[in-house]
Amino acid sequence: MSSERIVVLAHEKFPDEAKTALGVMRYGDQTIEAVLDRDRAGDRVADHDASLPDAPIVDSFEEALAAAEGGVDALYIGIAPIGGGFDETWRDDVRAAIAAGCDVVSGLHYFLNEDEEFVELAAEHGVELRDVRKPPEDLGVATGHSADVDADVVLTVGTDCSVGKMTASLEIVEAARERGIDAAFVPTGQTGIMIAGWGNPIDRVISDFTAGAVEDLILEKGDEHDLLVVEGQGTIIHPAYSAVTCGILHGSMADGLVLCHAAGREAIHGYESFELPPFSDYVDLYEDLAEPVHETEVVAGAVNTKDVDDDDEAASIVDAFGEEVDVPAADPVRHGADRIVDGIVDGVLEE
């Protein structure tokens with residue numbers, strides 16, 4: 001997926017509710033030719049987020065193709081709504097992309113390869129429909145061998161879903177590499193897979209095979225690197241997604257955990273009747289749940305302060321989080337991930 005010239009679909013969601021789009025744009029190797037958002041058409045990406053590669057925001061794929069003078073390889077669906085459904089208002093853009101000879105890459109639970117119209121059009125125009133959320137068919141149960149790899153394994157875990165676990169993982173890998181640590185990112189979600197070009201969409205895996213699917217990823221890369229940073233999903237207290245979180249925790253057999261939180265979050269996103277417990281409770285929950293399978297500990301914290309405008313206030317929030325959890329903490333985007341890597345080095349790599 002790297003080095004592609006792409007258009008990113010983010011209708012009515014860019015930038016704040018287009019997590020997949022933002023992840024691919026910020027961390028992927030693809031060249032962004034345009035963003036589709038009918039509500040923002042006429043703007044540019046830089047008008048909304050100067051940290052992202054700039055590109056025009058347009059109303060339709062046809063306009064994007066014209067703006068790129070035909071130089072587009074693929075359309076990426078950059079929205080992952082709750083439930084992963086396909087919005088029928090996107091159909092015209094997908095049709096237009098296929099007709100223009102472009103692949104279509106999707107991280108939805110709705111598989112493009114099971115849509116009769118898209119399949120017929122793709123065959124006619126010789127393009128590929130890539131459903132990155134479709135897991136391999138040869139998965140099995142875990143064997144308990146993740147701990148046998150040469151690499152140390154760190155897993156990002158969350159106080160909630162959508163707090164920045166993937167972002168923290170990628171920033172940790174980059175900061176570790178800058179120190180000369182041979183680190184690799186292990187994607188477990190659709191956006192991470194779009195960025196890295198490999199991985200396993202754990203939230204789509206049959207429950208019995210969840211830990212085994214994570215184990216497969218660890219065994220695939222564990223003897224090639226010194227440090228694996230596994231992208232976590234959900235949170236252990238989530239009323240809907242806790243099973244995914246537990247499967248990754250046990251399947252990865254992580255040697256250390258990085259607890260991730262979004263500043264200001266007080267309740268489960270989308271389930272606001274469920275309040276978040278104290279941060280220190282998460283330490284006990286994650287460590288106690290992991291211990292019977294593979295003993296681990298929280299060694300660092302990552303705090304997402306993107307909604308905090310004042311730098312001093314953001315720093316205070318991060319410091320308070322670190323003090324409560326009793327680990328080094330940082331906002332890996334705002335402050336860099338060096339303090340987080342310090343915790344990993346002290347708590348995992350030097351043990």
Side-chain angles (χ1 to χ4, degrees), residues 19-20 22-29 80 107 132 146 149 151-179 181-203 213-214 217-218 220-222 224-236 241 244-245 247-249 251-262 282 286 290 296 298-306 327-345 347-349:
K19 185 173 72 170
T20 295
L22 297 185
V24 171
M25 294 172 72
R26 179 168 287 123
Y27 295 107
D29 293 332
V132 301
S146 287
V149 300
D152 290 303
V153 178
V154 167
L155 169 65
T156 53
V157 295
T159 60
D160 192 10
C161 57
S162 300
V163 295
K165 293 181 287 295
M166 183 201 72
T167 296
S169 299
L170 288 162
E171 294 286 348
I172 290 166
V173 168
E174 181 178 354
R177 287 174 176 172
E178 289 176 356
R179 294 197 191 187
I181 300 169
D182 183 5
F185 170 60
V186 179
T188 63
Q190 70 277 1
T191 307
I193 294 170
M194 289 182 182
I195 294 166
W198 78 289
N200 209 323
I202 301 304
D203 67 356
V214 178
L217 300 177
I218 300 298
E220 181 175 349
K221 299 291 184 180
E224 298 177 8
H225 303 277
D226 295 328
L227 174 67
L228 298 184
V229 181
V230 181
E231 174 194 11
Q233 301 292 334
T235 177
I236 204 62
Y241 304 142
V244 179
T245 307
I248 297 174
L249 181 68
S252 67
M253 301 180 75
D255 302 297
L257 307 175
V258 175
L259 182 63
C260 304
H261 176 66
Y282 286 98
Y286 280 115
T296 190
V298 175
V299 297
V303 185
N304 177 353
T305 64
K306 70 179 181 64
V327 294
D331 180 329
V333 173
R334 196 169 199 153
H335 308 129
D338 283 339
R339 292 196 68 199
I340 301 172
V341 175
D342 287 342
I344 292 170
V345 170
V348 177
L349 299 183

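Side chains are part of it too, since the values below use all heavy atoms of this structure and drop only hydrogens, waters and symmetry mates. Throughout, numbering of the chain's residues begins at 1 and tracks the sequence.
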Original post:
Step by step, would you call Tyr241 with Asp203 a side chain to side chain contact (heavy atoms under 4.5 Å, CB included)?
Top reply: CA-CA 8 Å; Tyr241 304 142; Asp203 67 356; over 6 Å; no
**Asked** So, do Val153 and Ser146 sit near enough that their side-chain heavy atoms are less than 4.5 Å apart?
**Response** no
Separation between CD (Gln233) and CE (Met166), nearest 0.5 Å, reads 9.5 Å
Next on the checklist: Are Val173 and Arg177 packed together at the side-chain level, in the sense that at least one heavy-atom pair is separated by less than 4.5 angstrom?
Outcome noted: yes
**Request:** Check whether the side chains of Ser169 and Glu231 place a donor and an acceptor atom closer than 3.5 Å, and report yes or no.
**Result:** no
Q. Distance-only, no hydrogens or angles: does the Thr296 side chain make a donor-acceptor pair with backbone N or O of Gly256 under 3.5 Å?
A. yes
Check your understanding: Can you check whether Gly158's main-chain N or O pairs, donor with acceptor, with Tyr286's side chain at less than 3.5 Å?
Key -> yes
Heavy-atom closest pair (Thr235 atom, Tyr282 atom, distance to 0.1 Å) is OG1-CE2, 3.8 Å
Applying side chain to side chain donor-acceptor pair (under 3.5 Å) to Asp152 and not counting sequence neighbours gives none
*asked:* Thr167 vs Asn304, test: side chain to side chain contact (heavy atoms under 4.5 Å, CB included). Steps then yes/no.
replied: CA-CA 9 Å; Thr167 296; Asn304 177 353; over 6 Å; no
All heavy atoms of Ala176 vs all of Leu227, minimum pair found to be CB-CD2, 4.3 Å
| task | Go through Leu249 and Leu257 one step at a time and tell me if the side chain to side chain contact (heavy atoms under 4.5 Å, CB included) criterion holds. | result | CA-CA 9 Å; Leu249 181 68; Leu257 307 175; 4.0 Å; yes
Here the pair of heavy atoms bringing Thr156 nearest to Cys260 is CB-SG, 3.9 Å
Between the CD atom in Gln190 and the CD1 atom in Ile202, the distance rounded to the nearest 0.5 Å is 11.5 Å
If you apply the rule side chain to side chain contact (heavy atoms under 4.5 Å, CB included), what do you find for Ile218 with Val230, and how did you get there? CA-CA 9 Å; Ile218 300 298; Val230 181; 3.7 Å; yes
In terms of heavy-atom contacts, Glu224 and Asp182 come closest through O-OD2, 3.3 Å
Minimal heavy-atom distance between Ile344 and Val154, with the atoms involved, is CG2-CG2, 3.8 Å
| Residue pair Ile248 / Leu155, side-chain heavy-atom distance below 4.5 Å | yes
Heavy-atom closest pair (Gly234 atom, Thr245 atom, distance to 0.1 Å) is C-OG1, 3.4 Å
inquiry  = Using a 3.5 Å distance criterion without hydrogens, assess whether the side chain of Arg179 forms a donor-acceptor pair with backbone atoms of Asp338.
reply    = yes
Check your understanding: So do the side chains of Ile193 and Pro201 get within less than 4.5 Å of each other, counting heavy atoms only?
Key -> yes
Side-chain (Asp331) to main-chain (Thr305) donor-acceptor, under 3.5 angstrom
yes
Exercise: do Thr20 and Thr191 side chains pair donor with acceptor under 3.5 Å: yes
Open item on the list: Within the structure provided, determine whether Trp198 and Leu217 are in side-chain contact (heavy-atom separation under 4.5 Å).
Closed with: yes
Kindly indicate whether the side chain of Val214, heavy atoms from C-beta on, has any atom under 4.5 Å from the side chain of Asn200. no
Looking at Lys165 and Asp160, would you say the former's side chain and the latter's main chain have a donor-acceptor pair under 3.5 Å? yes
